[in-house]
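Counting convention: from 1, in listed order, for ligands and their atoms alike.
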Amino acid sequence: MLRHLPKTVPDPNLLVGLDTSDDAGVYKISEDTALIQTVDYFTPIVDDPRMFGQIAAANALSDVYAMGGKPLTVLNIVGFPVSKLDMSILADILSGASEKVQESGAVLVGGHSIDDQEPKFGMAVTGITHPSKVWTNSGAKPGDALILTKPIGVGIQTTAIKRDGLTEAQLEEVMSVMATLNKKASEVLQAFDVHACTDITGFGLLGHAKEMTCGAGVGFNLRFDQVPILEGTRSLAEQGIVPGGTKANHRWLKENVVYADTIDEINQWILCDAVTSGGLLASVPKEQAEEALRKLKEAGVTYASLIGEVVDDHPNCIHVQ
Ligand code: CO
Ligand code: CO
Ligand code: CO
């Protein structure tokens with residue numbers, strides 16, 4: 001939608017703008033500091049208001065981590081049906097969010113709320129990084145290895161919540177995965193030569209991977225059996241629990257993905273499944289990948305996995321084996 005905006009005069013300090021569908025805007029304010037700015041909000045995806053606040057905050061903060069930055073300040077964005085819902089629900093959303101802001105080390109500086117038909121919550125986040133250390137989504141180099149730090153299957157599992165289709169253990173796990181900050185993953189990876197990074201959200205693993213391939217004019221080879229997937233996702237998808245957005249991603253990605261015969265349509269949907277508050281997908285030099293993975297696991301990023309590699313044949317295309 002934003003690309004329909006009229007073109008403005010280029011500003012040399014704008015390091016990352018609208019052109020590359022990146023996670024956040026980046027603007028250089030001095031030789032050693034660049035501002036990272038991002039905004040994200042949505043309607044509740046879980047019933048527990050405190051958990052919703054945590055997830056929305058982790059999701060909004062994630063775009064700063066995906067740029068290799070450190071979040072500094074946060075503004076809350078609130079829509080709430082004041083006349084229909086008890087204000088204690090809003091208090092719980094805000095307190096969940098505040099826990100995550102605290103954990104991130106950022107500080108809440110304000111916000112804005114409006115009376116709305118249904119609850120909405122999110123944040124505008126400002127972070128900083130060094131101008132020469134910005135992780136765009138378009139710097140992947142042939143010979144890199146690809147690391148994913150959180151499991152996929154989130155869209156299918158959260159759709160199952162609405163149909164009471166999850167076990168208690170599954171519900172706990174998907175909520176905990178969504179509420180986990182990408183802070184540790186980003187901090188660990190900052191010690192390595194990250195060539196490109198993004199976080200996995202609405203376009204799914206393959207949608208965001210596609211943006212990375214097209215951004216760099218490279219190809220990806222992914223190994224399905226190395227992709228971390230929330231337990232039980234396949235059986236939910238087999239029962240027909242696949243969100244419309246996930247199938248739309250799958251259709252939209254047809255031109256850019258070649259699946260091996262062993263990857264049936266169910267597993268294709270899982271790879272395209274829309275994610276909320278997903279993990280980082282990072283492209284790092286192959287010789288650093290094992291060490292990066294070990295450090296991630298040590299830091300408690302337990303789902304982290306090497307899921308494939310960057311190649312120069314089949315540019316703008318992902319091969320899944
Ligand atoms: Co993002
Ligand atoms: Co975002
Ligand atoms: Co990035």
Short check: any N/O/S atom of Asp199 below 2.8 Å from the Co ion (ligand 1)?
yes
Backbone or side-chain N/O/S of Asp22 under 2.8 Å of the Co ion (ligand 1):
no
With a 4.0 Å cut-off, would you call Lys184 and Glu187 a salt bridge?
no
Electrostatic pair Arg294:Glu290 at N-O distance under 4.0 angstrom:
no
Check Asp23 and report its N/O/S atom nearest to the Co ion (ligand 1), by atom name.
OD1
Proximal heteroatom of Asp63 relative to the Co ion (ligand 1) (N/O/S)
OD1
Rounded distance (nearest 0.5 Å) linking atom CG of Asp312 with atom NZ of Lys141
13.5 Å
Nearest-0.5 Å distance that lies between atom OH in Tyr41 and atom CE in Met123:
15.0 Å
